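The structure under discussion appears below in the form of structure tokens.
Numbered from 1 within each chain, the chains take letters A, B, ... in sequence-line order. Because the structure is a prediction, the values reported are computed rather than measured.
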2 protein chains.
Amino acid sequence: MKSEPHKVFEQLLNSKGLKVTKQRNDILDYLLKAKKHVTPEDIYRDLNKKDANIGRATVFRTLHLLENAGFADKIQFADGRLAYEHKFARPHHDHMICVECSSVLEFSNATIEKIQEEISKKFMFKPLWHRHEIFGRCKKCNKMD
Amino acid sequence: MKSEPHKVFEQLLNSKGLKVTKQRNDILDYLLKAKKHVTPEDIYRDLNKKDANIGRATVFRTLHLLENAGFADKIQFADGRLAYEHKFARPHHDHMICVECSSVLEFSNATIEKIQEEISKKFMFKPLWHRHEIFGRCKKCNKMD
DNA sequence: TATATAATTGAGACTGATTCTCAATATCAT
DNA sequence: ATGATATTGAGAATCAGTCTCAATTATATA
Ligand SMILES: [Mn+2]
Ligand SMILES: [Mn+2]
Ligand SMILES: [Zn+2]
Ligand SMILES: [Zn+2]
């Protein structure tokens with residue numbers, strides 16, 4: 001039982017003359033199962049716990065591969081750390097990031113997206129992607145200020 | 001003839017029991033005169049060209065000082081490099097960043113800002129600041145694709 | 001102005017994240 | 001199964017930024 005994302009990923013690899021490897025599949029799996037945004041170090045640490053060895057370099061290489069293919073996205077916490085999430089069957093969204101506990105809320109707003117398009121057009125700027133992050137304190141962290 | 005921003009900066013320093021130094025003034029000056037967003041390395045390099053020596057550590061320390069005081073803001077290019085701009089008598093704005101040439105266009109939109117407030121409220125999230133960056137190709141770089 | 005005190009400084013060591021190198025290994029078309 | 005080619009992990013290298021600390025400088029006060 002190979003999941004749909006794995007099939008799609010495999011197609012991408014084939015189409016680029018790249019090979020399907022255990023490491024690449026494990027990393028994709030990890031992202032698919034993650035309940036939150038995960039750092040490269042999370043992936044490296046957890047995949048090495050169980051299953052013998054996977055190198056840090058491979059984690060980064062695979063994340064870039066997924067990102068470039070449009071299968072993963074990254075966000076950045078207030079302290080600069082990067083975290084990833086997969087994009088299979090998930091609509092585009094942006095983030096509110098707690099500066100205290102690094103928890104993340106997701107939001108999306110059609111009006112904002114539309115205005116962005118209009119602004120880009122006005123400036124003859126060809127938008128490829130965007131990042132809209134609101135930093136602040138989440139409900140929980142705000143209470144205990 | 002001390003500029004208004006320098007006076008305000010001096011007040012900040014005094015109010016915190018910090019000292020007014022040549023290095024801090026030079027860095028503020030550099031930001032005030034810069035025509036574009038500048039990196040810490042730009043500041044370090046250029047200030048050392050002319051005027052004897054100023055350490056990298058001091059550049060970073062002073063940028064953080066200015067940032068925390070609300071006198072400077074940073075943006076991040078597509079490759080991850082950080083750049084700063086001063087905020088004296090400049091209204092809030094967001095950025096469109098060219099992935100080819102790293103040129104930056106500025107925009108601001110009241111509707112977007114308002115919607116952000118509403119979304120934050122809905123999630124009981126206390127917004128402190130935000131970053132809204134559109135990455136793509138500027139008019140010039142788009143032509144020569 | 002001289003002195004005392006406390007903040008600031010730059011050099012360079014250090015850190016953490018990421019990238020690079022390369023020889024050994026795994027994948028895949030045939 | 002074989003051969004051509006892509007991938008791998010270890011560890012070295014890089015890079016931005018931070019830290020440490022002894023020497024220096026700013027400033028309050030006498
Ligand atoms: Mn998300
Ligand atoms: Mn700007
Ligand atoms: Zn929180
Ligand atoms: Zn451009």
B:Met96 side chain reached by B:Phe107 side chain, heavy atoms, under 4.5 Å
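In contact.
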
Taking side chain as C-beta onward, heavy atoms only, is B:Leu28 less than 4.5 Å from B:His6?
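They are in contact (side-chain heavy atoms under 4.5 Å apart), so the answer is yes.
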
Between [X] ([atom1]) and [N] ([atom2]), how many Å, whole number?
X       : N      : atom1 : atom2 : result
A:Glu10 : C:dT27 : CD    : P     : 12 Å
B:Gln76 : D:dC15 : CD    : P     : 17 Å
A:Arg24 : C:dC28 : CZ    : C1'   : 13 Å
B:Phe9  : C:dT8  : CZ    : P     : 10 Å
A:Leu13 : C:dA29 : CG    : P     : 12 Å
B:Arg45 : D:dA16 : CZ    : C1'   : 15 Å
A:Leu63 : D:dT8  : CG    : P     : 12 Å
B:Lys74 : D:dA16 : NZ    : P     : 16 Å

If you only use heavy atoms from C-beta on, which nucleotide in D:dT27, C:dA11, D:dT8 is closest to the side chain of B:Asn53?
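Among D:dT27, C:dA11, D:dT8, the one nearest the side chain of B:Asn53 is C:dA11.
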
A:Lys7/A:Glu10 ion pair, N-O < 4.0 Å:
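So A:Lys7 does not pair with A:Glu10 through a salt bridge.
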
Determine, for nucleotides 12-24 of chain C in 5'-to-3' order, which nucleotides have protein heavy atoms under 4.0 Å from the base (write B), from only the sugar-phosphate (write S), or from neither (write -).
------BBBB---

Is there a donor-acceptor contact under 3.5 Å linking the side chains of B:His37 and B:Glu85?
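Checked: B:His37/B:Glu85 side chains pair up, N/O donor to acceptor below 3.5 Å.
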
Tell me which donor-acceptor pairs under 3.5 Å the side chains of residues 108-117 of chain A have, and how far apart each pair is, sequence neighbours excluded?
| unit_1 | atom_1 | unit_2 | atom_2 | d |
| --- | --- | --- | --- | --- |
| A:Asn109 | OD1 | A:Thr111 | N | 3.0 |
| A:Asn109 | OD1 | A:Ile112 | N | 2.8 |
| A:Glu113 | OE2 | A:His92 | NE2 | 3.1 |
| A:Glu113 | OE2 | A:His130 | NE2 | 3.4 |
| A:Gln116 | OE1 | A:His130 | ND1 | 3.3 |
| A:Gln116 | OE1 | B:His132 | NE2 | 3.3 |

Base C:dA6 paired with B:Lys19 side chain (donor-acceptor, <3.5 Å)
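Answer yes: a donor N or O sits under 3.5 Å from an acceptor.
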
Aromatic plane relationship, B:His93 with B:His95 - under 30° parallel, 30 to 60° tilted, over 60° perpendicular:
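Ring orientation of B:His95 relative to B:His93: perpendicular.
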
Do [X] and [Y] belong together in a cluster built from hydrophobic side chains that touch within less than 4.5 Å?
X        : Y        : result
A:Trp129 : A:Phe123 : no
A:Phe9   : A:Leu47  : yes
B:Val99  : B:Leu105 : no
B:Ile43  : B:Phe77  : no

Look at the side-chain N and O atoms of B:Thr21 and state whether any lies under 4.0 Å from the OP1 or OP2 oxygen of C:dT9.
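Answer yes for this pair, as a side-chain N or O of B:Thr21 is under 4.0 Å from OP1 or OP2.
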
Can a side chain N or O of B:Gln23 be found less than 4.0 Å away from OP1 or OP2 on D:dT25?
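Result: no.
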
Strand contacts (DNA chain D) in residues 27-37 of chain B, 4.0 angstrom heavy-atom criterion:
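By residue number: none to list.
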
Members of residues 65-72 of chain A that approach DNA chain D, where some heavy atom sits under 4.0 Å away
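Those residues: none at all.
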
My understanding is that only residues two or more places apart in sequence, or in another chain, count here; which of them pass side-chain hydrogen bond (donor to acceptor under 3.5 Å, both in side chains) with B:Lys74?
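Result, side-chain hydrogen bond (donor to acceptor under 3.5 Å, both in side chains) vs B:Lys74: B:Glu67.
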
Contacts of type side chain to side chain contact (heavy atoms under 4.5 Å, CB included), residue B:Gln23, not counting sequence neighbours:
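In terms of side chain to side chain contact (heavy atoms under 4.5 Å, CB included), with neighbours along the sequence ignored, B:Gln23 is linked to B:Thr21, B:Ile54, B:Thr58.
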
